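To find a chain, count down the sequence lines: A is the first, B the second, and so on, and within it residues start at 1. Side-chain atoms are counted along with the backbone in the values below, which use heavy atoms only and exclude waters and symmetry mates. From a predicted model like this one, the values you see are computed outputs, not experimental measurements.
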Protein chains: 2
Amino acid sequence: MASVHSEARSVAAAKPAKLSRTQRTAILKALSDPKRFELLEAIARSHCPLGCTAAHEALSISPATLSHHIKELQTSGLIHVRREGKFAFLTIRPGILEAMSTYLQSLSPTACPTR
Amino acid sequence: MASVHSEARSVAAAKPAKLSRTQRTAILKALSDPKRFELLEAIARSHCPLGCTAAHEALSISPATLSHHIKELQTSGLIHVRREGKFAFLTIRPGILEAMSTYLQSLSPTACPTR
DNA sequence: ACATCAATTCGATAGTTGTCGAAACGTCGA
DNA sequence: TCGACGTTTCGACAACTATCGAATTGATGT
């Protein structure tokens, strides 16, 4: 398994997604802002398709700032923005967080003798 | 490399470490700088006790900047700095990266119906 | 056509921070 | 005691960015 293209994209996550160095830094920078992280958490907590208005209510920031953060999360590849009429719906793109998580895990000290 | 007071701590990682919101944001901010992340990677790649001089050679930054980044990683709780005479040795603190990794994992969309 | 609403873009501002050189500090060997 | 060396602290500066209000775009309903 673990093929590059998964056709069953619906239910379970599990997408390999090897991240380049550039992607990693982009993702970490996107995650580093508290409000942006809260936004991601809000998207995660809602069962994925989160309306932009709901997001604006969850965080307490102006629409302009929210739009900025959304674009930031989007260009880093963390979320997907689906536009429907005048609304926008935010979903977490599967695989990215897992890949980041896995990479971080790989840095942890497996055996660090002299502490 | 003989450690003066080696009292044989726990060898393997596996420390629970629940992170507070404040800790999470601190960690993510610490990870968000490319140089700092490279530094962490360097510490990880070396088998943990990384000398400050080696770090200075790995990244190409001034001693002042390196010191700044070290402090940043330290206060975020990601690394431990052991001072020995005029040297400093950097080790990754066990549990933290794992905890962060786990938390990120928990945000990923387990079941996201409408893509 | 018009008004309304959601979202984005623009311009500006304030705060943050990565970076360095120079000076200072602490340690070690001579 | 002195000088060399590793590391830190101190300003200072430049670049970045989070934030907002106002103006704009685009879509919807009347």
Query raised in the report: If you draw the axis of the six-membered ring of B:F37, does the NZ or CZ of A:R24 fall within 45° of it and under 6.0 Å from the ring centre?
Result: no
Query raised in the report: So does A:K71 get a side-chain nitrogen or oxygen closer than 4.0 Å to the phosphate oxygens (OP1/OP2) of C:dT9?
Result: yes
Query raised in the report: Passes side chain to side chain contact (heavy atoms under 4.5 Å, CB included), A:H80 versus A:Q74? Steps please.
Result: CA-CA 6 Å; A:H80 173 79; A:Q74 187 182 7; over 6 Å; no
Query raised in the report: On DNA chain D, nearest-nucleotide positions of B:P63 versus A:E72: which is more 5'?
Result: B:P63
**Report entry** Short side-chain N/O contact from A:R83 to OP1 or OP2 of C:dA7, under 4.0 Å
**Finding:** no
Query raised in the report: Between B:K29 (NZ) and D:dC16 (P), how many Å, whole number?
Result: 18 Å
Query raised in the report: When we call it a touch if two heavy atoms are under 4.0 Å apart, what does B:H69 touch: a base, just sugar-phosphate, or nothing?
Result: sugar-phosphate
Requested in this report: Find the distance B:R82:CZ to D:dG6:C1' and express it as a whole number of Å.
Outcome: 16 Å
Report task. Using atom CD of B:E57 as one end and atom C1' of D:dC5 as the other, report the distance to the nearest whole Å. Result -> 14 Å
Query - Minimal non-hydrogen separation, A:L28 against B:S32, with atom names - result: O-CB, 3.7 Å
Report task. Take atom CG of A:L73 and atom P of D:dA18, then tell me their distance rounded to the nearest Å. Result -> 10 Å
Query - Interatomic spacing from NE2 in B:H56 to OG in B:S67 - rounded to 0.5 Å - result: 11.5 Å
Query raised in the report: C:dT19 C1' sits how many Å from B:I70 CD1, rounded?
Result: 15 Å
Query - Minimum-distance pair of heavy atoms, taken over all atoms of A:I79 and A:I70 - result: CD1-O, 3.9 Å
Query raised in the report: A:F87 has an atom CZ; how far is it from atom P of C:dC5, in whole Å?
Result: 11 Å
Query raised in the report: Quick one: what's the B/S/- string for nucleotides 20-30 of chain C, heavy-atom cutoff under 4.0 Å, read 5' to 3'?
Result: BB-----BS--
Query raised in the report: Rounded to whole angstrom units, what separation is found between the NE2 atom of A:H68 and the P atom of C:dG11?
Result: 16 Å
Report task. Measure the spacing between OG1 of B:T22 and CD1 of B:I27 and express it to the nearest 0.5 Å. Result -> 10.5 Å
Query raised in the report: Just how far, in rounded Å, is C1' of D:dA27 from CZ of A:F89?
Result: 13 Å
Requested in this report: Decide yes or no on side chain to side chain contact (heavy atoms under 4.5 Å, CB included) for A:L31 and B:L31, but give the supporting numbers first.
Outcome: CA-CA 9 Å; A:L31 292 175; B:L31 293 175; over 6 Å; no
